[in-house]
There are 2 protein chains.
Amino acid sequence: MAQELEPHRALGEKFESWIKFDFDATRCPVRNLLDHIGDRWSILILSALAGGPKRFSALARAVPDISKRMLTQTLRRLQSDGFIDRDVQPTVPPQVTYSLTPLGKSLAGPLLGLIEWAETNFASVVEARAKMAEAA
Amino acid sequence: MAQELEPHRALGEKFESWIKFDFDATRCPVRNLLDHIGDRWSILILSALAGGPKRFSALARAVPDISKRMLTQTLRRLQSDGFIDRDVQPTVPPQVTYSLTPLGKSLAGPLLGLIEWAETNFASVVEARAKMAEAA
DNA sequence: CGGGATCCGCATCGATACTG
DNA sequence: CAGTATCGATGCGGATCCCG
């Protein structure tokens, strides 16, 4: 009846195939992606840049609770993964603008799916947690 | 021409709306989801269970490099978030089976999207990293 | 303005040993 | 079998100071 395999079945089959990579993070695509954007900040930064290019200080303002250290670190990593571009204008004072690469933009689709899920199902999760808490 | 907004544009607009939550993890759905399944193991466990219910030891075998400690901890958390069910058969020795709840299954869709992206774009990421490395 | 360098606390996680 | 308890390392991440 469904035109495709149910998502969770498909996910289960995917999982089986990962074993072939011996769960080596350098070879398993999923582990690799998780290791690189699964941290606290990457998805936030990527989302912030999704609306258009932003300068370093603008990013810092957009994500108020990130330290400069972590912002720099996260940006470097996203850059070396090919998700964002770094454009330096050698003016005084310097202007550095970050923007999504085509690869970065292509990641926005899947990310958006996850985020929309979070928004629609947030209430259910909170409810589930409340039930667990009162059971304890 | 696109029947919907380009994904990265849509993501950018989402991001703007998160600011209203003051980036409080207890109220912002996205931060909350990230805090709970953004760790190293949750997505792996969820994927392992997507193929069908599994017992504790079966999960340990499916994800070889997880310690019992982390497996237990991750399972408890996924359970309290309402993603998985824990079924205990009071036999000797005990049998504990974990399975995805409907909520957990509903998460499989978005997750699958992300995973398929990782598989198709893994090569590009590796290539980007190689370019960065040689530039240094 | 856009970082780099350094110091350091704190939470996370792994290994090991023990239990019902 | 399916955990719990305890200990210890490690490394993430914040705070601070400095620089071109």
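Naming convention: chains lettered A, B, ... in sequence-line order (proteins, then strands); numbering from 1 in each chain. Just so we're clear, the structure is a prediction, and the values are computed from it rather than from any experiment.
Although no hydrogens or angles enter the test, the distance criterion places a donor-acceptor pair under 3.5 Å between the side chain of B/Trp117 and the main chain of A/Ser106.
The number of heavy-atom neighbours closer than 6.0 Å to CZ of A/Arg77, taken from other residues, nucleotides and ligands shown, is above 12. The environment of B/Arg40 atom CZ is sparse: at most 12 non-hydrogen atoms of other residues, nucleotides or ligands sit within 6.0 angstrom.
One finds no side-chain N or O of A/Arg76 lying less than 4.0 angstrom from the OP1 or OP2 phosphate oxygen of C/dG2. OP1 or OP2 of C/dG3 has at least one side-chain nitrogen or oxygen of A/Tyr98 nearer than 4.0 Å. Contact between the side-chain N/O atoms of A/Arg86 and the OP1/OP2 oxygens of C/dG3 is found at a separation under 4.0 Å.
Comparing A/Gln73 and B/Leu75 by the nucleotide of DNA chain D that holds the closest heavy atom to each, the one mapping nearer the 5' end is B/Leu75.
Listed candidates were D/dG3, D/dC1, C/dG2. Nearest to the side chain of B/Thr72 is D/dG3. With distances taken from any side-chain atom of B/Met70 to the nucleotides C/dG3, C/dC18, C/dG14, the minimum falls on C/dG14. Taking every side-chain heavy atom of A/Arg69 into account, D/dG13 is the closest of D/dA2, D/dG13, C/dA15. With C/dG2, D/dG3, C/dC1 as the candidates, the nucleotide lying closest to the side chain of B/Lys68 is D/dG3.
Between B/Glu6 and A/Lys105 there is no salt bridge, since no side-chain N of the basic residue sits under 4.0 Å from a carboxylate O of the acidic one. Salt bridge A/Glu127/A/Lys131: present, at least one basic N to carboxylate O contact under 4.0 Å.
In this entry the distance linking CD of B/Gln79 with C1' of D/dA2 reads 14 Å, nearest Å. Residue A/Gln89 contributes atom CD, which lies 12 Å from atom P of C/dG2 at whole-angstrom precision. The CG atom of A/Leu71 sits 16 Å away from the C1' atom of D/dA15 (whole-angstrom rounding).
Within the model, atoms CZ of A/Arg69 and OG1 of A/Thr74 stand 10.0 Å from one another, a figure rounded to the nearest 0.5 Å.
Between the side chains of B/Ser124 and B/Asn121, no donor N or O sits under 3.5 Å from an acceptor N or O.
Taken residue by residue, residues 28-59 of chain B places heavy atoms nearer than 4.0 Å to DNA chain D at B/Arg55, B/Phe56, B/Ser57.
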